[in-house]
**Student:** 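This structure is in C-alpha cells; I'll ask about it shortly.
Numbers here are sequence positions counted from 1. This is a predicted model, so every value here is computed, not measured.
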Amino acid sequence: MNRTALDKRMRELSIYSDFYYRKELGALAQVIQDGEQLNCILTGVHEGNRKMLAITDQRVIILFAGALAAKNVTVMRRSAISEYRFEKKLPFSNVSLRTDSGTEFVFTNTQRSLKELFEWAMQRPLPDAG
C-alpha cells in the first residue's frame, strides 16, 4: 500500500490526525500488502514505547519507528487473536490482545474515541483462505 492510499483510507475511517507519527505511517504503508484492507489504527504505550496498533481485514500489526531505534514490527494473523479488550478510561484507555499461544499485548494511553472502530475492526469476518 502506498502512503497516499493509506492516508485516504484513514480519512475514510475518520481517524486521520497529526497525532500519529509520520515514521510509523511510512513503515505501516510498507507492511500492508496489496489487497489488504486497513480497518483501524490506534497508538498507545506498549513495553515502555509509544507504538502503533493497526488492524486490517487479515492481520494485526504492531510497529515502533522511533527516532533513535530501528523499526520494530510485529505481525500476526487476526485469526491468531483469541481474546481482545478495550477498556475505556479517562482521559485515555487501554487495549489488550491475547494470542492463541497465550502471548498478551497491552497498550495503555490509547485514544478512547476509537473503541467502537477497534471493536468493529476486530469483529469483521476474516477473508476466505481460498
**Student:** Would you say the side chain of R112 lies within less than 4.5 Å of the side chain of L90, judging by non-hydrogen atoms?
**Tutor:**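 Answer yes - side chains close enough.
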
**Student:** To check you understand the geometry: which heavy-atom pair defines the closest contact between S79 and L126, and what is its length?
**Tutor:**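 That would be CB-CD1, 3.6 Å.
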
**Student:** Looking at every heavy atom in both V106 and S96, which two are closest together, and how far apart are they?
**Tutor:**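 Residues V106 and S96, closest heavy atoms: CG2-CB, 4.1 Å.
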
**Student:** For the atom pair NZ (K51) and OG1 (T74), what is the distance rounded to the nearest 0.5 Å?
**Tutor:**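 Result: 6.5 Å between the selected atoms.
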
**Student:** Between the side chain of Q111 and the main-chain N/O of L42, is any donor-acceptor distance below 3.5 Å?
**Tutor:**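 No.
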
**Student:** Which atom names give the shortest non-hydrogen contact between Y84 and E119, and what distance separates them?
**Tutor:**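 Scanning both residues, the minimum pair turns out to be OH-O, 4.4 Å.
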
**Student:** Could you check whether any side-chain heavy atom of V31 comes within less than 4.5 Å of a side-chain heavy atom of R59, counting everything from C-beta outward?
**Tutor:**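 Yes, side chains in contact.
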
**Student:** Please determine whether residues M10 and L117 belong to a single hydrophobic cluster, defined as Ile, Leu, Val, Met, Phe, Trp and Tyr linked transitively by side-chain heavy-atom distances below 4.5 Å.
**Tutor:**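 Result: yes, single cluster for both.
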
**Student:** Going by heavy atoms in the side chains, are R50 and N109 under 4.5 Å from each other?
**Tutor:**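 Yes - at least one pair of side-chain heavy atoms lies under 4.5 Å apart.
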
**Student:** Taking side chain as C-beta onward, heavy atoms only, is I41 less than 4.5 Å from L25?
**Tutor:**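 Yes, side chains in contact.
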
**Student:** Check each of Q37, R78, E36 against T56 using the side-chain hydrogen bond (donor to acceptor under 3.5 Å, both in side chains) test, and report the only one that passes.
**Tutor:**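 It is E36; the other options fail the test.
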
**Student:** Counting distance only, does the side-chain N/O of T110 pair as donor-acceptor with the main-chain N or O of S93 below 3.5 Å?
**Tutor:**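 Checked: pair present.
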
**Student:** With the threshold set at 4.0 Å, does a side-chain nitrogen-carboxylate oxygen contact exist between D7 and R3?
**Tutor:**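 Yes.
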
**Student:** Step by step, would you call N72 with N49 a side-chain contact (heavy atoms from CB on, under 4.5 Å)?
**Tutor:** CA-CA 11 Å; N72 179 333; N49 292 302; over 6 Å; no

**Student:** Can you confirm whether more than 12 heavy atoms, excluding those of K88, are under 6.0 Å from its NZ atom?
**Tutor:**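 Counting neighbours around NZ of K88, more than 12 heavy atoms of other residues, nucleotides or ligands fall under 6.0 Å, so yes.
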
**Student:** Are I32 and I81 grouped together when hydrophobic residues (ILVMFWY) are joined by side-chain heavy atoms under 4.5 angstrom apart?
**Tutor:**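 Yes, because I32 and I81 connect within a single hydrophobic cluster, where side-chain heavy atoms sit under 4.5 Å apart.
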
**Student:** Working to the nearest 0.5 angstrom, can you tell me the gap between L28 CG and M1 CE?
**Tutor:**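 Taking CG in L28 and CE in M1, the distance rounds to 8.0 Å.
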
**Student:** Taking S82 for the side chain and R98 for the main chain, is one N or O donor matched with an acceptor at less than 3.5 Å?
**Tutor:**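 Answer holds: yes.
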
**Student:** From E47 CD over to F107 CZ, what is the distance, rounded to the nearest 0.5 angstrom?
**Tutor:**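 Answer for the CD-CZ pair, E47 versus F107, is 8.5 Å.
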
**Student:** Would you call L114 and V95 a side-chain contact if the rule is heavy atoms closer than 4.5 Å?
**Tutor:**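 Answer no - side chains too far apart.
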
**Student:** Could you tell me how the ring of H46 sits relative to the ring of F105: parallel (under 30°), tilted (30 to 60°) or perpendicular (over 60°)?
**Tutor:**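 Rings of H46 and F105: tilted, 30 to 60°.
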
**Student:** What closest approach, in Å, do R9 and N39 show between heavy atoms, and which atom pair accounts for it?
**Tutor:**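 So the minimum-distance heavy-atom pair works out to NH2-OD1, 3.1 Å.
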
**Student:** Are F118 and V45 joined in one hydrophobic group, where the rule is that I, L, V, M, F, W and Y side chains link up if heavy atoms are under 4.5 Å apart?
**Tutor:**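 The answer is no; the residues belong to distinct hydrophobic clusters.
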
**Student:** Would you mind reporting whether D57 and R124 have side-chain heavy atoms less than 4.5 Å apart?
**Tutor:**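 No, every pair of side-chain atoms sits at 4.5 Å or beyond.
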
**Student:** Is R77 close to Q58 at the side-chain level, that is, under 4.5 Å between some pair of heavy atoms?
**Tutor:**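 Heavy-atom side-chain distance check passes, below 4.5 Å.
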
**Student:** Check for a donor-acceptor pair, side chain of N2 on one end and backbone N or O of T4 on the other, with a separation under 3.5 Å.
**Tutor:**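 Side chain of N2 to backbone of T4, a donor-acceptor pair under 3.5 Å: yes, one is there.
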
